[in-house]
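Worksheet: one structure, shown below.
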Amino acid sequence: MKYDFSAIEAKWRERWEKSKPYAAVTGGDKPKFYGLIEFPYPSAAGLHVGHPRPFTAMDIICRKKRMQGYNVLNPIGFDAFGLPTENFAIKNHIHPAIITKQNIENFTRQLKMLGYSFDWDRVVDTTDPNYYKWTQWIFLQLFKNGLAYKTTMPVNWCTSCKCVLANEEVVEGVCERCGAPVVRREKSQWMLGITKYADRLIDDLDDVDFIERVKTQQRNWIGRSTGMEVTFRTTVGDEVTVYTTRVDTLFGVTYAVISPEHPKLLEWKNSIKNWGEVEAYKEAASRKSDFERGELNKDKTGVRLDGVEIINPASGEAVPMFVSDYVLMGYGTGIVMGVPGHDQRDWDFATKFGLPIIEVVKGGDITKEAFTLKDDTGIMVNSGFLNGMTVKDAIPAMTQYALEQGWGREKVNFKLRDWVFSRQRYWGEPIPLVNCPECGWVPIPESELPLVLPQVDSYELTDDGESPLSKMTDWVNTKCPKCGGDAKRETDTMPQWAGSSWYFLRYMDPHNDKELVSREAEEYWGPVDWYNGGMEHTTLHLLYSRFWHKFLYDIGVVHTKEPYAKRTSHGMILGQNPHYVGNVSTQAEKDALIAKYGNQALRPAVKMSKSLGNVVNPDDVVKTYGADTMRVYIMFVGDFEKVAVWSDDAVKGSKRFLDRCWNLMDSAEESGEISRKNEVIIHKTIKKVTQDIDDLKLNTALAALMAMVNEFYANGVTRGDLKELILLLSPFAPHIAEEMWEITGFAAETGKMAMQNDWPVYDEAKTVDSEKEIAVQINGKLKATVTVPADSTDDMMIEAAKGNEKIQRLMEGMEIVRTIPVRGKLVNFILKPAK
RNA sequence: GCCGGUGUGGUGGAAUAGGUAGACACAGGGGACUUAAAAUCCCCCGGCAGCGAUGCUGUACCGGUUCGAGUCCGGUCACCGGCACCA
């Protein structure tokens, strides 16, 4: 009998569609498990081979949990607002809603093709008014609680298209579309006060099971630092404040730097003798993004303010002041004190501008580089009353002094900035606010939600930088909900992050038209037990959704402080690089590739992209090898957390493995019992596969299954042996497992589909071989192996090792200095020549 | 630049807590079956030396800790992800 994957997969797809074995039911006696993957953005290109990696992994986890008796929620949805769809719509003159609908249909077909055990009755779509009604509702609660406010923020402005651009649309300072220069322009924007939650977003990380690099990256992104704001008098009679975490180095200040956007500069206009030069610098800085400023960090630029100096409150000395774009307006106070001896950026700047570098902490060589260590290795010098103290003691001492003198105050700072929540775009949730000349910003009544995104004739960008909605005068002009007077609607829309900040709650109760989620459903399913997603979402989506969830907790909508109990992350799937130098043999060809593609030619694997022609379409793989092979391959390809390279050749190995599983049915003995020969390997494999799935080591789980199959071929199998294989295989390759379950007669015997059956349980006693091979080392080097009973004591192992012929030979004329036995592993003899 | 990560055969990757490096695969080589090919089944497969037993060497590079380091520590290099309006 041949393994006809396409017939088998079509058969089971249809059965699952009809009988809905994966529909989740809220409530019941079983323990619950909520497994979540980041919902996809339904792009026109369809599912990418990158998607199946996390999806298959979570599907395996959920299928195993079901088999272990859990009530599982394994939902899917679509994060469908966003730029690519909008740009596609503009280009092709099709409404984004139509494109979105088509794309979702295509994604749905592909996801069903891959046999995921999603609950298809709980699909959410962020662009559905019944969904975004609640996104808008949450925004209104944020507004009512003072967490949404308007402020002026710089935006990217294309001088030719006359529109606001996303950072992504700005490439090397010019507009991606037209190539015209992009400048920074101030624009009034809605902001969300995520910084008010900064402490809780850091502190509550202690209570969740996130992989460590996710926690670290979030902590660093929030960037909490405790320091001091120090007030300096200026030589023009006013004051400025700087923020520093190194108040101990105050005696080492030799200059100060102000950000080009700082309002103080304008106040000093008349005192600055070289204003023309300063103004030109401000203008040049406005063309760079924060990122570009940082990138050019090595070559620092700046202009000295001629006429304004600041007075060091500790030493009483006046030092020069510069304007430079390495100081960002958005962090601290927008002015920094320069301590070149003990901060590398300051050192670079001082070196370039020939400023004095004073050593105030001993321990480094400040003629070569800044000495930045903050531990006990440094002793204060050249620092007045601090001399002789360690840095650790100097910080509180100087803090105390500054507080007494009244020119310093303690301050906790965060790198985290508030969330820019406005987009001057069409394809997003309308912001449900009305601007009334009398009453200011007024929320629309909740009974009027959803505020539906109106149909527009043109969703093209406007040339005044406003959202396309601003052209809809009928829609824009409205009455103030408060006073009834003429008023205008907000025409900005929300960012795509909005809909994805709470979707996991909607899955719990997707059809509720009274609340965003019922208390009953939320208390039953919440929190998400396991959330897997990409590392690239760690600092934005993951943080934003934690923020919203904490807010919803504060207003009593949800019962847990954190949305996700556990977070793991997967690596990207890369494609083969068609321009890789390893693909050609002659040096001339290699040189040609390097000349043409530069460093790009040195990488065997790169991100898949249409232009490189290395995109793999899951449809093709499924057609050639089947969905089960696709699932097995994408799990077997490598460590789930690391990047992996797609290989068409290697897919065959996964297909071959499934063929080998299938073909075992031809030779299986009738007995329904586990055979004696295979007992140990079966129990070992059950243990390994069970643990590996829990640890997200799907590649080694499959390797263990392959090893078991290899042993089955060597030993022969019974129907009972096959039963265990089918059950272990079913989360990975559900279609073939179901079919084999039916053919081998277990479906008829048990009356159950495989995935509703019990997950195999191992007997620890049966997972160990009776004998074990241990290593015998001499001076730490492997010289022989000996086989000993598995439960051997140290003495028995040493005895056996000494009994080995080769070891005896090597020990001749030597003296044993030391013997190191490691139970079950090895014996190491340390020898020296005998006297 | 800043933050987070990675580096192991021809290739993808294994190696719980420092304890036999290369599991499991792909590619390659050999054999069986076959008129033949495909498929399938079995064997070999880091490098150097050797007919062989075996010896030496080997986890990006330099150094350290240890009886013992792919794993821990210090430094260097290369690459990948993120950097707030891409999702």
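Just so it is clear, the structure is predicted and the values come from calculations on it, not from any experiment. Residue numbers start from 1 in every chain, and the chains themselves are labelled A, B, ... in the order their sequence lines are given, proteins ahead of strands.
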Pairing partner of B:C24 (Watson-Crick or G-U wobble, both distances under 3.5 Å): B:G12

N or O in side chain of A:Asn699 less than 4.0 angstrom from B:A23 OP1/OP2: no

Nucleotide of B:G4, B:C26, B:A23 approaching A:Ala703 most closely (side-chain heavy atoms): B:A23

Of the listed nucleotides B:A15, B:U20, B:C24, the one nearest the side chain of A:Leu782: B:U20

C1' gap between B:G47 and B:G10, integer Å: 13 Å

Identified pairing partner of B:U40, criterion: Watson-Crick or G-U wobble below 3.5 Å: B:A32

Quiz item: A:Asn220 side-chain donor-acceptor pair to B:C3 base, under 3.5 Å: no

Where the chi angle of B:G10 falls, syn if within 90° of 0 and anti if not: anti

Residue A:Asn710, side-chain atoms from C-beta onward, closest of B:G19, B:C67, B:C24: B:C24

Touch class at under 4.0 angstrom, heavy-atom based, for A:Ser647 against every strand present: nothing

Sugar-phosphate only, base, or nothing, as touched by A:Leu826 at under 4.0 Å among non-hydrogen atoms: base

Spacing of the C1' atoms in B:G22 and B:G13 (rounded, Å): 9 Å

B:C2 to B:U76 separation - P atoms, rounded to the nearest Å: 12 Å

Touch class at under 4.0 angstrom, heavy-atom based, for A:Glu773 against every strand present: base

Sugar-phosphate, base or nothing in reach of A:Lys781, heavy atoms under 4.0 Å: sugar-phosphate

Closest nucleotide among B:C42, B:G55, B:C85 to the A:Lys806 side chain: B:G55

Watson-Crick or G-U wobble partner of B:G18, both distances under 3.5 Å: none

B:G13 OP1/OP2 closer than 4.0 Å to side-chain N/O of A:Lys697: no

Pairing of A:Glu641 and A:Lys697 as salt bridge, 4.0 angstrom limit: no

Whole-Å P distance, B:C44 and B:G50: 23 Å

Sugar-phosphate, base or nothing in reach of A:Lys772, heavy atoms under 4.0 Å: nothing

A:Phe547/A:Tyr197 aromatic ring centres below 6.0 Å: yes

Contact under 4.0 Å: A:Arg656 side-chain N or O vs B:C26 OP1/OP2: yes

Minimum-distance nucleotide to A:Met706 side chain [options: B:C85, B:G82, B:C24]: B:C24

Sugar-phosphate only, base, or nothing, as touched by A:Thr819 at under 4.0 Å among non-hydrogen atoms: nothing

B:C56 OP1/OP2 closer than 4.0 Å to side-chain N/O of A:Lys783: yes

Sugar-phosphate only, base, or nothing, as touched by A:Phe636 at under 4.0 Å among non-hydrogen atoms: base

Pair A:Tyr3 and A:Trp662, ring centroids less than 6.0 Å apart: yes

Atom-pair distance (NE2 on A:His537; C1' on B:C83), nearest Å: 14 Å

Interatomic distance at P, B:A27 relative to B:C79, whole Å: 31 Å

P-based separation of B:U71 from B:U54 [nearest Å]: 28 Å

Nucleotide nearest A:Arg213 (side chain, heavy atoms from C-beta), chosen from B:A14, B:C67, B:G5: B:G5

Ion pair check, A:Lys825 and A:Glu773, cut-off under 4.0 Å: no

Among B:C85, B:C42, B:G12, the one nearest A:Arg660 by side-chain distance: B:C42

Residues A:Asp794 and A:Arg823 bridged, charged N to O under 4.0 Å: yes

Single hit among A:Phe732, A:Phe657, A:Tyr625, A:Trp646 for ring-ring contact (aromatic ring centres under 6.0 Å, His included) with A:Tyr633: A:Trp646

Test: A:Arg567 and A:Glu38 ion pair at under 4.0 Å: yes

Phosphate-side-chain proximity, A:Lys684 and B:A23, N/O vs OP1/OP2 below 4.0 Å: no

Nucleotide nearest A:Ile820 (side chain, heavy atoms from C-beta), chosen from B:G81, B:G4, B:C67: B:C67

Sugar-phosphate, base or nothing in reach of A:Lys825, heavy atoms under 4.0 Å: base

Sugar-phosphate, base or nothing in reach of A:Val643, heavy atoms under 4.0 Å: sugar-phosphate

Phosphate-side-chain proximity, A:Lys652 and B:U11, N/O vs OP1/OP2 below 4.0 Å: no

Touch class at under 4.0 angstrom, heavy-atom based, for A:Asn663 against every strand present: nothing

Nucleotide opposite B:G46 in a Watson-Crick or G-U pair, distances under 3.5 Å: B:U57

Integer angstrom distance from the C1' of B:G55 to that of B:C61: 27 Å

Sugar-phosphate only, base, or nothing, as touched by A:Asp695 at under 4.0 Å among non-hydrogen atoms: nothing

Closest to the A:Asn828 side chain, choosing from B:C24, B:C67, B:U20: B:C67

Carboxylate-amine/guanidinium proximity below 4.0 Å for A:Asp348 and A:Lys352: no

Sugar-phosphate, base or nothing in reach of A:Gln218, heavy atoms under 4.0 Å: nothing

Of the listed nucleotides B:C42, B:U20, B:C86, the one nearest the side chain of A:Gln777: B:U20

Complementary nucleotide for B:C79 - Watson-Crick or wobble, under 3.5 Å: B:G5

Span that lies between the C1' atom of B:A23 and that of B:C73, in whole angstrom: 29 Å

Salt-bridge contact A:Lys652-A:Asp649 (side-chain N to carboxylate O under 4.0 Å): yes

